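Note that the structure is predicted; figures quoted are calculated from it, not measured. In what follows, every chain begins at residue 1, and chains take the letters A, B, ... in the order their sequences are listed.
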There are 2 protein chains.
Amino acid sequence: MKPTHLHATEDCRAVSEVLQRIGDKWSLLVVRRLGEGPTRFNELRHGIGGISQKMLTTTLRSLERDGFVTRTVYPTIPPRVEYELTDLGRELLVPVKGLAEWALVNIGRIHQARAAYDGGIGAAA
Amino acid sequence: MKPTHLHATEDCRAVSEVLQRIGDKWSLLVVRRLGEGPTRFNELRHGIGGISQKMLTTTLRSLERDGFVTRTVYPTIPPRVEYELTDLGRELLVPVKGLAEWALVNIGRIHQARAAYDGGIGAAA
DNA sequence: CGGGATCCGTTGGGATACTG
DNA sequence: CAGTATCCCAACGGATCCCG
């Protein structure tokens with residue numbers, strides 16, 4: 001399969017769909033953290049920092065629904081729930097890391113462009 | 001620079017920031033279309049399809065602000081405005097294409113997982 | 001401990017009307 | 001043609017309370 005073209009609009013919709021899925025506020029942070037191994041709920045919560053319980057639950061449910069993570073409940077007292085990446089989740093990390101490297105290298109350029117743009121707006125007034 | 005670790009939380013925030021930026025509903029579609037060459041406003045509008053005028057303007061302004069596209073106004077009657085990718089914008093397309101390929105290959109798996117999850121919910125009731 | 005339910009402010013995004 | 005301005009609704013996301 002040669003991706004020589006991959007220019008069709010429908011294709012791009014699929015990409016856009018995936019991007020919006022993992023491009024929300026927390027998914028990527030959660031996936032990255034889970035990349036280090038199985039993790040419990042509050043472990044995730046504190047490991048990420050700044051995420052509310054509701055959003056962590058929502059994010060995990062979505063990731064589970066899309067087959068990126070598994071949820072394992074140990075019916076002990078108190079309950080213990082562990083989240084872990086599936087194969088799909090781990091595979092996702094590969095292209096994401098490519099984008100991650102790019103982002104790290106170029107985030108400065110983006111911020112510069114942004115500052116220049118905002119400054120230009122002010123100067124124009 | 002060996003990206004051996006790239007595991008710091010701050011790093012991931014940068015990635016998350018870029019991802020949310022291009023992960024919105026239209027940015028990627030616009031960038032992809034602009035990858036084919038300089039394009040006028042309504043040309044983009046019809047070429048993408050489904051995007052409102054407001055969102056196209058908003059998306060283009062954001063992309064311009066972040067240095068991904070340039071906006072060129074030809075002061076003719078009627079006015080003619082062309083949008084074009086910057087070097088930064090073209091470079092962005094590289095890692096994005098990696099993710100794009102992954103998405104195209106695996107979107108089916110995601111949809112399957114989703115259907116299975118939703119079905120399981122219903123069956124559990 | 002790991003959530004579910006609810007309330008509420010913020011943001012995203014579409015439709016429409018108007019302008020240079 | 002290429003926007004801007006406005007309205008309005010839906011989704012996102014945080015805070016809080018409650019429950020097994």
Enquirer: Going by heavy atoms in the side chains, are B:R71 and B:L60 under 4.5 Å from each other?
Expert: no
Enquirer: Looking at A:A103 and B:V18, what are the two nearest heavy atoms and their distance?
Expert: CB-CG2, 3.7 Å
Enquirer: Could you tell me whether the side chain of B:N106 and the main chain of B:R109 form a donor-acceptor pair under 3.5 Å?
Expert: no
Enquirer: Nearest whole angstrom, please: distance from the C1' of D:dG3 to the CD of B:E82.
Expert: 16 Å
Enquirer: In whole angstroms, how far is the C1' atom of C:dC1 from the CG atom of A:L44?
Expert: 13 Å
Enquirer: Return the minimal non-hydrogen interatomic distance between B:W102 and A:E91, and the atom names on each side.
Expert: NE1-O, 3.5 Å
Enquirer: Expressed in angstrom and rounded to an integer, what is the separation of A:R45 atom CZ from D:dA15 atom C1'?
Expert: 11 Å
Enquirer: For A:P78 and A:Q20, find the nucleotide of DNA chain C closest to each by heavy atoms; which residue's nucleotide sits nearer the 5' end?
Expert: A:P78
Enquirer: When you measure from the side-chain N and O atoms of A:R80 to the phosphate of C:dG2, is any distance below 4.0 Å, counting only OP1 and OP2?
Expert: no
Enquirer: Within this structure, what is the CG-to-P distance between B:N42 and D:dC1, rounded to whole angstrom?
Expert: 5 Å
Enquirer: Along nucleotides 7-12 of chain C, 5' to 3', which nucleotides get a B, which get an S, and which get a -, given that the test is a protein heavy-atom distance under 4.0 Å?
Expert: B-----
Enquirer: Which value, rounded to the nearest 0.5 Å, describes the distance between B:I22 atom CD1 and B:L29 atom CG?
Expert: 12.0 Å
Enquirer: Could you tell me the separation between the CD1 atom of B:I51 and the P atom of C:dG13, rounded to a whole number of Å?
Expert: 9 Å
Enquirer: For the pair made of CD1 in A:I77 and C1' in D:dC19, what is the distance, rounded to whole Å?
Expert: 13 Å
Enquirer: Contact class for A:R61 (heavy atom, under 4.0 Å): base, sugar-phosphate, or nothing?
Expert: sugar-phosphate
Enquirer: For the helix from C:dC1-D:dG20 to C:dG20-D:dC1, what angle separates the axis at the start from the axis at the finish, each from five pairs, in steps of 10°?
Expert: 40°
Enquirer: Nearest 0.5 Å, please: how far is CZ in A:F68 from CG in A:L93?
Expert: 10.0 Å
Enquirer: Quick one: closest heavy-atom pair of B:Q20 and A:G23, and the distance?
Expert: CG-O, 2.7 Å
Enquirer: Does OP1 or OP2 of C:dG2 have a side-chain N or O of A:R40 closer than 4.0 Å?
Expert: yes
Enquirer: Taking only distance into account, with no hydrogens and no angle test, what donor-acceptor pairs under 3.5 Å do side-chain atoms of residues 39-51 of chain A form with protein atoms, sequence neighbours excluded?
Expert:
residue	atom	partner	partner atom	Å
A:T39	OG1	A:G37	O	2.8
A:E43	OE1	A:R40	N	3.0
A:H46	ND1	A:N42	O	2.9

Enquirer: From the options C:dG4, C:dG14, D:dG3, select the nucleotide whose nearest atom is closest to the side chain of B:W26.
Expert: C:dG14
Enquirer: With a 4.0 Å cutoff (strictly under), does any side-chain N or O of B:Y83 reach OP1 or OP2 of D:dC1?
Expert: no
Enquirer: Is it true that A:R114 and B:E17 make a salt bridge, defined as a side-chain N closer than 4.0 Å to a carboxylate O?
Expert: yes
Enquirer: Within the structure, does a side-chain N or O atom of A:R71 lie under 4.0 Å from either OP1 or OP2 of C:dG3?
Expert: yes
Enquirer: Output the rounded distance in Å from CD (B:Q53) to C1' (D:dC1).
Expert: 12 Å
